[in-house]
Protein chains: 2
Amino acid sequence: MPAADLDQLDLAILSRLQEDSRTIAESIGAQVGLSAAAVQRRIKRLREAGVISREVAVIDPKAVGVDMTFVVSVEMERERIDVLDAFRKQVLADPAVQQCYYVTGSADFMLLVTCRDMTAFEAFTRRTFFENEEVRHFTTSVVMDRVKVGLSIPLTGG
Amino acid sequence: MPAADLDQLDLAILSRLQEDSRTIAESIGAQVGLSAAAVQRRIKRLREAGVISREVAVIDPKAVGVDMTFVVSVEMERERIDVLDAFRKQVLADPAVQQCYYVTGSADFMLLVTCRDMTAFEAFTRRTFFENEEVRHFTTSVVMDRVKVGLSIPLTGG
DNA sequence: GCTGAAACTGAGCTGCT
DNA sequence: AGCAGCTCAGTTTCAGC
């Protein structure tokens, strides 16, 4: 859903909601100079237009005993559409894979993987890479610190 | 806030909320076999305990005219605490940086950067890398496809 | 068209059992 | 934990700009 025409008020509303989706409309309205009802109407439109694609709870990984994060770059044997699509489907179905990007450069895919422990990660590498003939090479980096974690979009400047 | 003691009901609730934080308690209760009030009480506890760290709106980048994503690996000149901390602060303050991880391996940091266009990305590389004496090397991969984008935590198995 | 005000609906909260 | 009532945010209606 590309290029909905958004004015400055919409951007201000989005900016607040991507920080905290539970912010009440009255608070946003007070900031941007709109009534609560007007803000809610805009939010509803933004949702229906797909500008707000979803609203999610972010869970502290440590609290649920998932404490390890890995950045994995993957190089496929051949860049064939069916091979790439098969890999896409595999990572989409794998709950350990938080994020997957198809990228230019020497690597084909960049993965962000979370696991309970090293054993779980080894199980992941086996099912994802070693048992896949089409994976030529993969490189793992262990995340020591999640310096910044977000899905926020830069709405101003950028 | 590590290792709150969560039972299967809590995990089921979290599982729903990290997909859609607007799911009403009654719907979750019907699924897990709890009253709406009980679900709401648990959600409140999960928030207060920090298990649910935040609730955010996910915005479609294309809808706001931000259409380019990059994966950037960064190698610092020296691994000194003050140098690393300074870089941390810089990326935390930069709205173009969605995610930043401090990692093991040849690279020191992995960044996920979103920009409106190539010009904006060039401006980012200048202010972040070229004007920073401590950055030895950086490698950019252009994201061609966001195969999977999420912050969800694998609550089962994993 | 989009706004603000007010009435309506519905979900979250709280006290009680 | 469940139930019932209360509270408050979101929704809809309406009139006005």
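Just so it is clear, the structure is predicted and the values come from calculations on it, not from any experiment. Labels below follow one simple rule: chain letters A, B, ... track the order of the sequence lines, proteins then strands, and each chain is numbered from 1. All values below were derived from every heavy atom in this structure, side-chain atoms included, with hydrogens, water molecules and symmetry-related copies excluded.
From the 5' end on, the contacts that DNA chain C makes with chain A at under 4.0 Å to a non-hydrogen atom open and close at C/dT3 to C/dA5.
Between atom CD of residue A/E55 and atom CD1 of residue B/I59 there is a gap of 10.0 Å, rounded to the nearest 0.5 Å. Note that OG1 of B/T140 is 6.5 Å distant from CZ of B/F129, once rounded to the nearest 0.5 Å. In this structure, CG in B/D82 is found 11.5 Å from CZ in B/R88, a value given to the nearest 0.5 Å.
Side chains of B/R116 and B/D67 form no contact here, defined as non-hydrogen atoms less than 4.5 Å apart. B/V83 has its side chain out of reach of B/E77: every pair of non-hydrogen atoms, C-beta onward, lies at least 4.5 Å apart. Contact of the B/F124 side chain with the B/L111 side chain is registered, since non-hydrogen atoms from C-beta on lie closer than 4.5 Å. Contact check for B/Y101 versus A/L112: side-chain heavy atoms found under the 4.5 Å cut-off.
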ask   = Where along nucleotides 3-15 of chain D does protein come under 4.0 Å, by heavy atom, of base (B) or sugar-phosphate alone (S), with - for untouched nucleotides?
value = B-----SBBBB--

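Residue A/L34 is classed as a sugar-phosphate contact, given heavy-atom separations below 4.0 Å to backbone atoms only.
Ring geometry for B/F138 versus B/F130: interplanar angle over 60°, hence perpendicular rather than tilted (30 to 60°).
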